[in-house]
*Asks:* 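What follows is a single structure, and I will ask about it in a moment.
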Amino acid sequence: MRLHHDPQRYRPGYAAFYVCGRYGRSLPGGTSVAQQASAPTPTPGAPTPDSLHLLSPGRAGRLRLGMREERLKEVVPANLLRATTYQDQGHTLPAYEMRDAQQPQAPPTVLHLIGDSSTGFRLRRIRIYDPQYRTAEGIGVGSPFGAARQNLGLTKVRDTPAGFAAVSGEVQMAWLIDPNSLPAKHPAEISSAEVPPASRITGVLLYQ
């Protein structure tokens with residue numbers, strides 16, 4: 001079972017949907033799919049992530065979507081965080097750029113927060129450009145789009161503020177696709193069938 005979800009707006013109040021498949025969420029009225037399916041199979045030749053760089057639904061290493069800003073600062077050393085902001089529907093909201101302790105020169109991970117000063121802020125979504133972060137199947141930045149589609153499913157493709165993305169609702173992730181590999185047409189007109197399987201993933205978006 002795969003439900004459609006729109007990751008572009010990431011609006012507050014959108015309910016998280018059921019996630020089904022190899023990651024073990026439950027089907028409504030049924031038993032955990034993890035009891036019916038085998039463990040994830042690594043893609044041949046793909047790097048294996050350590051626990052600090054493992055991607056799974058709603059999680060990137062020690063980070064978890066929905067965690068409060070206070071908790072975020074507890075699990076990530078202050079020297080690895082740089083405060084910044086982002087725009088959403090005309091509002092300026094807080095964000096962080098997070099450097100990697102093991103590879104400081106790696107592209108920073110972008111953390112978007114949502115909330116307000118009275119109730120506090122929580123982690124809303126994560127943008128990853130560091131190839132160290134991968135799923136248990138070895139899918140991450142640098143992987144071919146075809147491997148992500150085959151191993152993690154494909155709900156739809158769409159243009160997002162971060163770039164053209166292939167959305168896998170099953171794992172609540174979206175894969176940014178190298179624009180140089182896409183057809184020469186407006187992103188809104190590109191279908192999933194037109195994205196070459198060999199197209200490289202340039203970023204990973206985690207959303208709720």
Side-chain angles (χ1 to χ4, degrees), residues 2-11 14 16-17 19-23 40-49 53-61 63 65 86-88 95 97-98 100 103 105-112 124-208:
R2 188 173 295 152
L3 301 181
H4 290 279
H5 181 68
D6 184 349
Q8 181 172 4
R9 298 301 181 190
Y10 303 95
R11 295 173 183 167
Y14 269 26
F17 48 79
V19 180
C20 308
R22 69 191 78 236
Y23 289 94
T41 302
T43 303
T48 301
H53 300 94
L54 179 63
L55 298 179
S56 60
R59 302 187 73 99
L63 302 178
L65 292 180
Y86 73 103
Q87 297 294 315
D88 181 77
E97 289 185 354
M98 183 184 74
D100 188 82
Q103 299 289 339
Q105 302 306 314
T109 294
V110 182
L111 313 176
H112 287 180
R124 181 186 197 181
R125 60 177 175 253
I126 304 173
R127 289 183 181 178
I128 294 171
Y129 302 99
D130 184 346
Q132 296 179 93
Y133 285 91
R134 294 183 177 270
T135 67
E137 298 85 358
I139 307 300
V141 172
S143 297
F145 161 69
R149 180 174 58 186
Q150 178 179 353
N151 287 275
L152 301 171
L154 176 65
T155 303
K156 58 185 172 181
V157 295
R158 65 171 304 129
D159 196 24
T160 77
F164 187 81
V167 181
S168 176
E170 182 175 342
V171 292
Q172 292 177 283
M173 297 182 196
W175 318 96
L176 297 177
I177 306 299
D178 181 1
N180 296 320
S181 65
L182 298 174
K185 59 172 64 175
H186 192 280
E189 301 174 349
I190 300 175
S191 69
S192 60
E194 295 178 292
V195 181
S199 299
R200 291 292 164 179
I201 294 171
T202 59
V204 183
L205 311 179
L206 275 67
Y207 63 89
Q208 289 182 316

*Asks:* Which label fits Tyr133 and His53: parallel for a plane angle under 30°, tilted from 30 to 60°, or perpendicular past 60°?
*Replies:* perpendicular

*Asks:* To the nearest 0.5 Å, how far apart are CG in Asp159 and CD1 in Ile177?
*Replies:* 12.0 Å

*Asks:* For the OG1 atom of Thr202 and the CD1 atom of Ile128, what is their distance to the nearest 0.5 Å?
*Replies:* 12.5 Å

*Asks:* Look up atom CD1 in Ile139 and atom CZ in Arg149, then write down how far apart they are to the nearest 0.5 Å.
*Replies:* 12.0 Å

*Asks:* To the nearest 0.5 Å, how far apart are CD in Gln172 and CG in Leu65?
*Replies:* 7.5 Å

*Asks:* Tell me the closest heavy-atom pair linking Pro49 and Leu54, and the distance in Å.
*Replies:* CG-CD1, 3.8 Å

*Asks:* Output all residues satisfying side-chain hydrogen bond (donor to acceptor under 3.5 Å, both in side chains) with Asp130, sequence neighbours left out; order by chain, then residue number.
*Replies:* Gln132

*Asks:* List the atom pairs, with distances to 0.1 Å, where a side-chain N or O of residues 189-197 and a protein N or O form a donor-acceptor pair under 3.5 Å, not counting sequence neighbours.
*Replies:*
from, atom 1, to, atom 2, distance (Å)
Ser191, OG, Glu194, OE1, 3.3
Glu194, OE1, Ser191, N, 2.9
Glu194, OE2, Lys185, NZ, 2.8

*Asks:* Considering residues at least two apart in sequence or located in another chain, which fulfil the ring-ring contact (aromatic ring centres under 6.0 Å, His included) criterion with Phe164?
*Replies:* none

*Asks:* Check the pair Asp178 / Ser199 against side-chain contact (heavy atoms from CB on, under 4.5 Å), numbers first and verdict last.
*Replies:* CA-CA 6 Å; Asp178 181 1; Ser199 299; 5.5 Å; no

*Asks:* For the residue pair Thr160 and Ala165, what are the closest heavy atoms and their distance?
*Replies:* CG2-CB, 3.9 Å

*Asks:* Could you report the tightest heavy-atom contact between Ile201 and Pro144, atom names first, then the distance?
*Replies:* CD1-O, 4.2 Å

*Asks:* Mind listing the closest non-hydrogen atom pair of Gly203 and Tyr129 along with its distance?
*Replies:* CA-CD2, 4.1 Å

*Asks:* Taking Arg134 for its side chain and Val141 for its backbone only, find out whether a donor-acceptor pair lies under 3.5 Å.
*Replies:* yes

*Asks:* Which distance, rounded to the nearest 0.5 Å, do you find between the CD1 of Ile126 and the CG of Leu205?
*Replies:* 10.5 Å

*Asks:* How far apart are the closest heavy atoms of Leu55 and Ala60, and which atoms are they?
*Replies:* CD2-CB, 3.7 Å

*Asks:* Can you list the steps and then say if Tyr86 with Arg127 is a side-chain contact (heavy atoms from CB on, under 4.5 Å)?
*Replies:* CA-CA 12 Å; Tyr86 73 103; Arg127 289 183 181 178; over 6 Å; no

*Asks:* Specify the closest pair of heavy atoms between Tyr207 and Gly169, including all atoms of both residues, with the distance to one decimal.
*Replies:* OH-CA, 3.8 Å

*Asks:* Quick one, Leu152 with Thr135, criterion side-chain contact (heavy atoms from CB on, under 4.5 Å). Give me CA distance, side-chain angles, the key distance, then yes/no.
*Replies:* CA-CA 9 Å; Leu152 301 171; Thr135 67; 3.9 Å; yes

*Asks:* Could you measure the distance from the CG atom of Leu206 to the NE2 atom of His112? Nearest 0.5 Å is fine.
*Replies:* 12.5 Å

